[in-house]
Every structure is written in C-alpha cells, then in structure tokens.
Chemist: 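Dumping the structure here so I can ask a few things about it.
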Amino acid sequence: MKNDIQKILLSEEDIRKRITGLGLEIDRHYEGKEILIVTLLDGAIVFTADLIRNLSIPLRLDCMRVSSYGDSTDPETAPRILSSLKTDVSGKHVLLVDDILDTGNTMKRVHDEVLAKNPASVHSCVFLDKPDRRENDFRSDWTGFSIPDEFVVGYGLDYAGRFRQLPYVGTLKPSVYENS
Ligand code: PRP
C-alpha cells in the first residue's frame, strides 16, 4: 500500500500538530457549552476520532450518511441524506465534521438539513479544503488544511474504497489508476 503513494502532502506529525490546534480553538469557542458532533460517514471517521480526543468540552456524537455522487450538479444526483441523525438537534450546538470540502454541495445540504431542525447553532469543521473546487458559497468555520486541487488519499480519504487507513495524506502513483 505504501508503495502506491507518489508523494506525502501531510505527514502524521503535520496532522497531529494541526489537530491539537483545532482542538484548542474549538474548545475556546464553545467554552461552557456542550456540543453535538455530527460526523459524515465514511470519510470523516479517522479525523473525528482524533479531533474528539483533542477536545475538553462535553460532547455527544452522532453520524449521518450522505449519498456519493460525481461532479454533476444535476439535482437528480445532488447529495441526498441516506441516514439521518438519531439525536434531536433542537436547542443543541451542532458541529458538522467532514474529511474534505470539495464542491461544498455535501456540507451545504447537511447544513441546511440540520438548520431546519432548530439547533442552538450549527458550525462546521473540515480536515481538508479544496477552495478551487467550490460550487457554492459554503465556508467551513474550522479547516485543518487548504490544499490544491489534487486527488489525495489517506487519513480517511479513499480511492475506490481503499487507502483510508494511511496515517498521512498523499497522492497516488499513476500506475494505481492504470491498474484499477
Ligand atoms: C466525500 C467527502 C465529503 C464529500 C465532499 O464523500 O467525504 O463528504 O465527498 O464533496 P463535496 O464537497 O463535493 O460535496 P464521498 O461521497 O466520497 O464518501 P466517503 O465519505 O464515504 O468517502
């Protein structure tokens, strides 16, 4: 698996340091409050696991699954909520957590869905942001790293379902695409 990696963009150490910083910022923002973390499956699992262990504020956890889709903006293929929350978000401080903000369509869809349920607040935290790819005005409140428009894997991000377990973020060798 490591032999499939062309270049490491973010090392384990880069990621560890940044998440420590994010934890401090989020703790400070929500001081004295309890939050509900909403993780978007599957990619955000790894980031969420590390982020919550860097938070001191009281929190609860819930998950949401949103349909995968291509680059199309066709409403037929727009993100759909496949499994919604177990928790009643009314009156709660919700923090949406995802691995990557790409077109922004997934986060915007989820943000609107949660906001319609009368939470006390809705904020978002993404591990990676590709601002060049944005198709709407969605902006994350906390971002781990802004990266160029390159296809990356690792730390929760996959290629055809693989490479999520890599502890760093990297690009793939062309041979991986050619052989799949
Ligand atoms: C990825 C990623 C985000 C979404 C971002 O999910 O996890 O949820 O795409 O893209 P967008 O900003 O263009 O909407 P994917 O559908 O690949 O599923 P996964 O989380 O299971 O990898």
Side-chain angles (χ1 to χ4, degrees), residues 8-66 79 81 83-134 136-148 152-158 164-170:
I8 295 180
L9 248 65
L10 301 168
S11 69
E12 286 188 69
E13 180 67 2
D14 295 334
I15 295 170
R16 193 188 58 72
K17 281 187 185 157
R18 182 65 190 120
I19 293 181
T20 303
L22 283 174
L24 292 171
E25 288 174 36
I26 293 170
D27 268 348
R28 201 176 311 128
H29 177 86
Y30 288 110
E31 193 178 353
K33 297 175 180 139
E34 177 176 298
I35 65 168
L36 174 68
I37 299 243
V38 171
T39 298
L40 305 194
L41 298 173
D42 298 319
I45 287 176
V46 179
F47 177 47
T48 304
D50 282 344
L51 182 66
I52 63 175
R53 285 178 290 177
N54 279 275
L55 292 175
S56 303
I57 46 168
L59 63 85
R60 292 167 198 267
L61 194 58
D62 204 339
C63 300
M64 206 181 247
R65 188 179 292 278
V66 183
I81 310 289
S83 76
S84 201
L85 299 169
K86 301 189 297 285
T87 317
D88 176 7
V89 303
S90 156
K92 299 202 169 59
H93 293 283
V94 177
L95 179 61
L96 307 173
V97 175
D98 207 354
D99 56 347
I100 188 162
L101 193 58
D102 193 333
T103 64
N105 292 329
T106 301
M107 264 299 195
K108 190 169 170 52
R109 174 77 182 86
V110 171
H111 188 273
D112 292 350
E113 171 87 8
V114 171
L115 200 59
K117 295 182 174 169
N118 298 316
S121 66
V122 191
H123 289 84
S124 56
C125 177
V126 296
F127 174 56
L128 299 179
D129 185 5
K130 284 184 178 174
D132 295 345
R133 295 263 307 158
R134 198 77 77 257
N136 56 39
D137 58 358
F138 189 87
R139 293 180 66 163
S140 187
D141 297 288
W142 291 280
T143 299
F145 301 90
S146 278
I147 61 165
V152 292
V153 296
Y155 203 71
L157 292 126
D158 72 307
R164 291 194 201 270
Q165 82 265 39
L166 292 173
Y168 48 78
V169 171

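All values reported here derive from a predicted model rather than from experimental measurement.
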Chemist: Parallel, tilted or perpendicular, judged at 30° and 60°: which one describes the rings of H123 and H29?
Modeler: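 Judged by the thresholds at 30° and 60°, the geometry between H123 and H29 is perpendicular.
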Chemist: So, do V46 and D99 sit near enough that their side-chain heavy atoms are less than 4.5 Å apart?
Modeler: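 V46 vs D99: side chains apart.
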Chemist: Please assess L85 against M64 for the test side-chain contact (heavy atoms from CB on, under 4.5 Å), listing each intermediate value before the final yes or no.
Modeler: CA-CA 6 Å; L85 299 169; M64 206 181 247; 3.7 Å; yes
Chemist: Determine, stepwise, if the pair R65 / D42 fulfils side-chain contact (heavy atoms from CB on, under 4.5 Å).
Modeler: CA-CA 7 Å; R65 188 179 292 278; D42 298 319; 3.0 Å; yes
Chemist: Using a 4.5 Å cut-off on heavy atoms from C-beta on, say whether the side chain of Y155 contacts that of L10.
Modeler: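 Not touching, per the 4.5 Å side-chain cut-off.
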Chemist: Heavy atoms, side chains only, cut-off 4.5 Å: are S124 and D98 in contact?
Modeler: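 Not in contact.
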Chemist: Drop me the distance from N136's CG to H111's NE2, to the nearest 0.5 angstrom.
Modeler: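 Output value for this atom pair is 11.5 Å.
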Chemist: Just list the side-chain donor-acceptor pairs under 3.5 Å for residues 17-24, sequence neighbours left out, or say none.
Modeler:
from : atom 1 : to   : atom 2 : distance (Å)
R18  : NE     : G144 : O      : 2.8
R18  : NH2    : T143 : O      : 2.8
T20  : OG1    : R16  : O      : 2.9

Chemist: Do L157 and L128 have side chains that get closer than 4.5 Å, going by heavy atoms?
Modeler: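 Counting from C-beta outward, L157 and L128 do come under 4.5 Å.
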Chemist: CG of D27 to NZ of K33: how many Å apart, nearest 0.5 Å?
Modeler: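 With rounding to 0.5 Å, CG (D27) is 13.0 Å from NZ (K33).
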Chemist: How long is the straight-line distance from CG of D88 back to CG of L36, given to the nearest 0.5 Å?
Modeler: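 These two atoms lie 10.0 Å from each other.
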Chemist: Would you give the length of the straight line joining atom CG of L55 to atom CG of L95, rounded to the nearest 0.5 angstrom?
Modeler: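 Spacing of CG (L55) from CG (L95) equals 8.0 Å.
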Chemist: Please list, chain by chain and in numerical order, all residues satisfying salt bridge (Lys or Arg N to Asp or Glu O under 4.0 Å) with K92, sequence neighbours excluded.
Modeler: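 Salt bridge (Lys or Arg N to Asp or Glu O under 4.0 Å) check on K92 returns nothing, list empty.
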